[in-house]
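Counting from 1, the numbers follow the sequence of the chain as shown.
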Amino acid sequence: MSALIPVTLRDLNIDAYDKFATKPVIVADGKTWTYAEVAREANRVANTLIALGIAPGERVAVMMSNCAEYVIAEQALIRAGIALVPLNDMLSDDERRHILQDSNSRAALVTRSQLAPAVEMLRQSDELERVVLVDDGGEVPEGVELWSTFLADAAETLPDVAVQPETISRISYTGGTTGKPKGVVHNQHTFGTTVLAHLSEMDLRDDDVLLATSPMPHAVGLLQMAAAIKGVKTYVERGFDLDGVLDRIENDGASYLFLVPTMIYRLLDKVVAEPARNLAALRTIVYGAAPITTDRLAQGLDLLGPVFMQLYGQTECPNWITRLTRVDHTTDPAKAHLLKSCGRATPMVRVRIVDGDNNPVPNGTTGEVALQSPYQMVGYHDRPDATEKTLRGGWLHTGDMGYLDDDGYVYLVDRKNDMIISGGMNVYSTAVENAISAQDGIAQVAVVGIEHPDWGEAVVAYVVPADGAHIDPQGIIDGTRSTLARYEVPKSVVEIEALPVTSVGKIDKKKLRAAWPGWQ
């Protein structure tokens, strides 16, 4: 009996695009693309990059807003065996320059919103050789090629390249909430396996219609790739627009959404304001990237029914470390505590909670979440020390603090770097956030530790009021005293119009700390 051939990202995608050739795969900017049409364009891009001498495992940056060309470029790199370096619109120019340089990208395929740093690096870097602009309208800087010109003589045939399971397929950069973003390396096998994990865990039906409104370089892009492998169509939107989301559900049968909690809050408020909208097609809302309040989840279940699933994942182990299922989302008092969990480990993941010496701790004890999975990262790009630290002892250390219950559910309490030490006591921000969000008039809250002359760090809460609500800082502080230990009670509450977020939709606590005006 012959040995099984390890799955590769390239084979999975090519097979799917051949199988479903005549079906629609994406709708973007009003145009419907079939699998065959995307494959032909992807082959043209792939053959052009190969003609430039870019070999399998070498890097090309894709710096695009959500559009059809993003999917085409991603498929092109998969077909050429070239490693994708994805960048999105929410990054700063400094982060883009760092990623282009750190990843050793040889070419960049860009939309206009990200053109400036790419042009700058083209002129400064010896490694970045080509910048290709997707948009045909407007000024084209010297040295930049238009997409149409770049592909003028490209062949539409599938390129014949040698791609191995260990060939680097992707370098995705972490959100960068502390220090500069690190490049997370995946190879053809690990990323192919994570796509299979998506198909296992997404609960995606053959007749589903996916709606992609958040940046494609992150979680929703992987959901789209998995959906395409199953033959499911995706509407690729430029951004999150509430009326547009409701129209897609009502008029186009969008049934499967990925939303971060802030988007869910806005959607629920819109549903309350417009109860006549027909949302019968909506079957699934997958959420992740940041904590969500149990009160708003309960409201969502009441308004929309059992549509929610939560994923917990990281760039280092994409998307499905744990899953909180539809069944787990319940307001049954006997099981309502599960709404505070991010679910149980998925079938291809082992999770344990460890102390500072990498020893497992008893259930119910808080420690660092560690995991093992066939789709965890290979390592950090050019960062052997960081790789060794994260992968020590044969386990991937997530940097998230949490605990397990006796049924295997994981409860996250904080990022390791965000844990507050006040008066020598550990304070987990989620405990404080839950106590505040349970009060009336609170739309969102984020808790951080601020350096303090007496306490070392003091607990500070940034609060976004609900529409029409008035914030009483002292009242909020007093309202936590019955549920929090004395050292957990906030020393200050600051009203803020909106919480800053990182490029992956997580609350940017580094910016909140930097915004602190100082103790008076």
Side-chain angles (χ1 to χ4, degrees), residues 172 174-179 182 184-186 190 193-194 197 201 288-291 310-324 328 337-338 340-380 383-422 424-434 447-449 457 485 487-488 504 506 509:
S172 298
T174 58
T177 54
T178 57
K182 298 188 291 291
V184 177
V185 177
H186 284 275
T190 62
T193 307
T194 200
E201 297 306 305
Q310 182 182 171
L311 61 79
Y312 163 50
Q314 293 191 322
T315 310
E316 291 86 346
C317 188
N319 288 356
W320 299 102
I321 297 173
T322 66
R323 178 168 71 106
L324 192 69
D328 293 330
H337 62 281
L338 294 179
K340 297 179 181 179
S341 166
C342 61
R344 289 189 277 200
T346 56
M348 287 190 281
V349 178
R350 296 175 63 199
V351 168
R352 70 181 188 182
I353 309 298
V354 298
D355 61 21
D357 295 321
N358 202 32
N359 298 313
V361 300
N363 289 345
T365 303
T366 296
E368 185 175 5
V369 180
L371 66 93
Q372 292 177 328
S373 170
Y375 50 91
Q376 70 189 44
M377 70 173 185
V378 176
Y380 294 115
R383 302 238 185 147
D385 292 344
T387 299
E388 183 179 357
K389 179 180 178 181
T390 298
L391 298 180
R392 65 189 184 275
W395 292 76
L396 190 155
H397 293 71
T398 65
D400 288 322
M401 304 298 287
Y403 62 91
L404 279 166
D405 69 14
D406 290 338
D407 295 317
Y409 286 86
V410 177
Y411 297 78
L412 300 178
V413 298
D414 219 338
R415 284 292 293 170
K416 192 173 182 179
N417 292 329
D418 288 335
M419 188 178 71
I420 303 162
I421 302 177
S422 185
M425 303 296 289
N426 291 346
V427 178
Y428 298 109
S429 61
T430 52
V432 186
E433 289 162 356
N434 287 337
V447 169
V448 297
E457 285 185 302
Y487 57 83
E488 294 175 314
V504 296
K506 296 182 179 181
K509 294 192 173 183

Return yes if some donor-acceptor pair links the side-chain N/O of [X] with the main-chain N/O of [Y] below 3.5 Å, else return no.
{"X": "Gln372", "Y": "Gly394", "result": "yes"}
{"X": "Ser429", "Y": "Val448", "result": "no"}
{"X": "Gln314", "Y": "Thr174", "result": "no"}
{"X": "Ser341", "Y": "Tyr409", "result": "no"}
{"X": "Asp405", "Y": "Asp407", "result": "yes"}

Show the numbers, then the answer: is there a side chain to side chain contact (heavy atoms under 4.5 Å, CB included) between Tyr403 and Thr365?
CA-CA 6 Å; Tyr403 62 91; Thr365 303; 5.9 Å; no
Taking the side chain as C-beta and beyond, is there a heavy-atom pair between [X] and [Y] under 4.5 Å?
{"X": "Glu488", "Y": "Ser422", "result": "no"}
{"X": "Ile420", "Y": "Val447", "result": "yes"}
{"X": "Asn358", "Y": "Arg352", "result": "yes"}
{"X": "Val184", "Y": "Tyr380", "result": "yes"}
{"X": "Val354", "Y": "Trp395", "result": "no"}
{"X": "Tyr312", "Y": "Thr398", "result": "yes"}
{"X": "Ile353", "Y": "Val369", "result": "yes"}

At what distance, to the nearest 0.5 angstrom, does [atom1] of [X] lie from [atom2] of [Y]?
{"X": "Asp400", "Y": "Glu368", "atom1": "CG", "atom2": "CD", "answer": "8.0 Å"}
{"X": "Met377", "Y": "Thr194", "atom1": "CE", "atom2": "OG1", "answer": "14.0 Å"}
{"X": "Gln376", "Y": "Thr193", "atom1": "CD", "atom2": "OG1", "answer": "11.0 Å"}
{"X": "Leu311", "Y": "Glu201", "atom1": "CG", "atom2": "CD", "answer": "10.5 Å"}
{"X": "Leu396", "Y": "Cys317", "atom1": "CG", "atom2": "SG", "answer": "7.0 Å"}
{"X": "Ser172", "Y": "Lys182", "atom1": "OG", "atom2": "NZ", "answer": "13.5 Å"}

Closest heavy-atom pair, Thr322 versus Cys342, reported as atoms and distance to 0.1 Å, is OG1-O, 2.7 Å
If I compare all heavy atoms of Thr387 with all of Val378, which pair ends up nearest, and what's the gap?
CG2-O, 4.4 Å
List the steps, then state whether side chain to side chain contact (heavy atoms under 4.5 Å, CB included) holds for Ile421 with Val427.
CA-CA 6 Å; Ile421 302 177; Val427 178; over 6 Å; no
Go through Thr346 and Tyr375 one step at a time and tell me if the side chain to side chain contact (heavy atoms under 4.5 Å, CB included) criterion holds.
CA-CA 12 Å; Thr346 56; Tyr375 50 91; 3.2 Å; yes
Test side chain to side chain contact (heavy atoms under 4.5 Å, CB included) applied to His337 and Tyr411, step by step:
CA-CA 10 Å; His337 62 281; Tyr411 297 78; 3.2 Å; yes
